[in-house]
Colleague: 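Dropping a structure here in structure tokens format, bear with me for questions.
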Amino acid sequence: MRRVYLDHTATTPLDERVLQTMQRAWTENFGNASSIHSYGREAKVLLEESREQIAKSIGAKYDELYFTSGGTEADNHALKGVSFASQKFGKNHVIITAIEHHAVLHTADWLREHGFEVTVLPVDSDALVDPQRVEKAMKPNTCLISVMHANNEVGTIEPIKEIAEIAKSRGVVCHSDSVQTVGKIPVDVKELGVDILALSAHKMYGPKGIGAIYIRKGIRIESIIQGGSQENNRRAGTENVPLAAGFARAVQIAADEREVMTAKYHQQRNVMRKRLFSEFEGLIMNGHQQWALPHIVNVSFDSKRNRVDGDALIVGLDLRGVAVTSGSACSSGSMQASHVLLAMGRDHDTAKATVRFSMGRSTTEEDIDYAVDALHEVVNKMKLAVTA
Ligand SMILES: Cc1ncc(COP(=O)(O)O)c(C=O)c1O
């Protein structure tokens, strides 16, 4: 059976070239980057070169970028680190949005349980955050605003620059979860005006288990992992140099290939949208038409016009070799309606009847056709089951 992977937003395969870089580092640079001897110094050189390359790619200085275990840790560090550092100065209010990744949402819940005040901002039907709402939500005790750069389910790109300007004018720290944008669209921390940014390697053909946090110089933030003095005392634990080297290589390749890939994704997205909307009835497009990541196509079957079971949709596609996501979280074996789609105003059944296709470097137009054909088969089978 043909297998088509259209879930590149969840994770990407490891690039061969990244693997080669890491293989060399695993064997040649095994030293502990904190050791004084030559093995340690060589590992340290590779670590710092990798840091410099990644920092440069987002317009940051090398001593403003710290390695983490991934995007989740970077988000945790941003929210907990700023909140606890600000609490001492009487600031204990955090603003997030309803469409954030669970790395932010659940961290904000945890902060609430630990005495912090959290405001969750709504979004419009395209998943856009209104900067004016951000302004209105600010209070004298606000210490942090966290808005993702682009949403991982529907691809909408948020007006971070405007939000960061508002935050700056109020002396509030601005964090943006950029896990889905770095490597896909240009990201420059100075241009965006953010104070903190979260990155992850496995969304851009790099290894799993490594990410980074950009922290602008001068930002008051506490560490969340205590131990040795690695990462300039910001993040304790022996650095994983081969993963850092792989991350840097992945960043470099993504930058080199971004223009070509973006053009390809636009073309494939057009082909897919055209087929979906001319061949299926009652489909709703999720995500902003213009301000969105080009490799994501997220559609829902409107519950007022269709009786489509979201779980059966994903399983049916999987049985035909097509790997996609419904955009809903899978917990204890059952699919939940996506908090993002609910926040966008979709009703529960429509939110559940959703498919997110996300293209990658190796995706071909034949893959797109195969996936749409498979969707027809699954939906037709459901219709038969309903009429039987
Ligand atoms: C927007 C966003 N933030 C954070 C994360 C978590 O990143 P990681 O898997 O590196 O912990 C993800 C991963 O799906 C994501 O899409």
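Any value given below was found using the heavy atoms of this structure, including those in side chains, with hydrogens, waters and symmetry copies removed. FYI, the numbering just counts along the sequence from 1. Read the numbers this way: they start at 1 and go in the same order the structure lists the ligands and their atoms.
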Colleague: Here's one to test your reading of the geometry: is the NZ or CZ of Arg249 within 45 degrees of the ring axis of Tyr205 and under 6.0 Å from its centre?
Modeller: no

Colleague: Short list, please: which atoms of ligand 1 are under 4.0 Å from a heavy atom of Gly70?
Modeller: 10 (O)

Colleague: Test your reading of the model: is there a side-chain donor-acceptor pair from Ser178 to the backbone of His149, 3.5 Å cut-off?
Modeller: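 Side chain of Ser178 to backbone of His149: no pair is present.
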
Colleague: Linking I/L/V/M/F/W/Y whenever any side-chain heavy atoms sit under 4.5 Å apart, do Val241 and Trp26 land together?
Modeller: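 Yes, same cluster.
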
Colleague: Any heavy-atom pair between the side chains of Glu191 and Lys161 that's under 4.5 Å?
Modeller: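 Of all side-chain heavy-atom pairs linking Glu191 with Lys161, at least one is under 4.5 Å.
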
Colleague: Of the side chain and backbone of Glu73, name the one, both, or neither that has a heavy atom under 4.0 Å from an atom of ligand 1.
Modeller: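 No part of Glu73 comes within reach of ligand 1.
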
Colleague: Counting non-hydrogen protein atoms only, what is the nearest one to atom 8 (P) of ligand 1? Give residue, atom name and distance.
Modeller: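 Its nearest protein heavy-atom neighbour is Gly71 N, 3.5 Å.
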
Colleague: Can you pull out the closest protein heavy atom to atom 15 (C) of ligand 1? Residue, atom name and distance to 0.1 Å, please.
Modeller: His101 CD2, 3.3 Å

Colleague: Using heavy-atom distances, let me know which of Ala74, Ala103, Ser200 sits nearest atom 10 (O) of ligand 1.
Modeller: Ser200

Colleague: Taking 4.0 angstrom as the limit and counting only heavy atoms of Met148, give me the atoms of ligand 1 inside it, by number and element.
Modeller: 1 (C)

Colleague: Just let me know how Asp177 lines up against ligand 1, side chain, backbone, both or neither, with a heavy-atom cut-off below 4.0 Å.
Modeller: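 Within the 4.0 Å criterion, Asp177 contacts ligand 1 through side-chain atoms alone.
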
Colleague: What is the closest protein heavy atom to atom 9 (O) of ligand 1, and at what distance does it sit?
Modeller: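 Going atom by atom, the protein heavy atom closest to atom 9 (O) of ligand 1 ends up being His202 NE2, 2.8 Å.
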
Colleague: Determine whether the side chain, the backbone, both or neither of Lys203 has a heavy atom under 4.0 Å from any heavy atom of ligand 1.
Modeller: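 Side chain only.
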
Colleague: So if I apply the salt bridge (Lys or Arg N to Asp or Glu O under 4.0 Å) rule between Glu222 and each of Arg235, Arg234, Lys88, which one comes out positive?
Modeller: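 The salt bridge (Lys or Arg N to Asp or Glu O under 4.0 Å) with Glu222 is passed solely by Lys88 among Arg235, Arg234, Lys88.
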
Colleague: Using modelled atom types and a 3.5 Å cut-off, is there a donor and acceptor pairing between side-chain atoms of Arg356 and backbone atoms of Asn152?
Modeller: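 Answer holds: yes.
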
Colleague: Ring centroid separation for Trp110 and His106, is it under 6.0 angstrom?
Modeller: no

Colleague: Looking only at protein heavy atoms, identify the closest one to atom 6 (C) of ligand 1 and say how far it is in Å.
Modeller: Thr72 OG1, 3.4 Å

Colleague: Tell me the contacting part of Asp75 for ligand 1: side chain, backbone, both, or neither, using a 4.0 Å heavy-atom threshold, strictly below.
Modeller: side chain

Colleague: So, is the end of the Arg51 side chain (NZ or CZ) under 6.0 Å from the ring centre of Tyr62 and within 45° of the ring's axis?
Modeller: no

Colleague: Considering heavy atoms of the protein only, find what lies nearest to atom 16 (O) of ligand 1 and give residue, atom and distance to 0.1 Å.
Modeller: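 Protein heavy atom at minimum distance: Gln180 NE2, 2.8 Å.
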
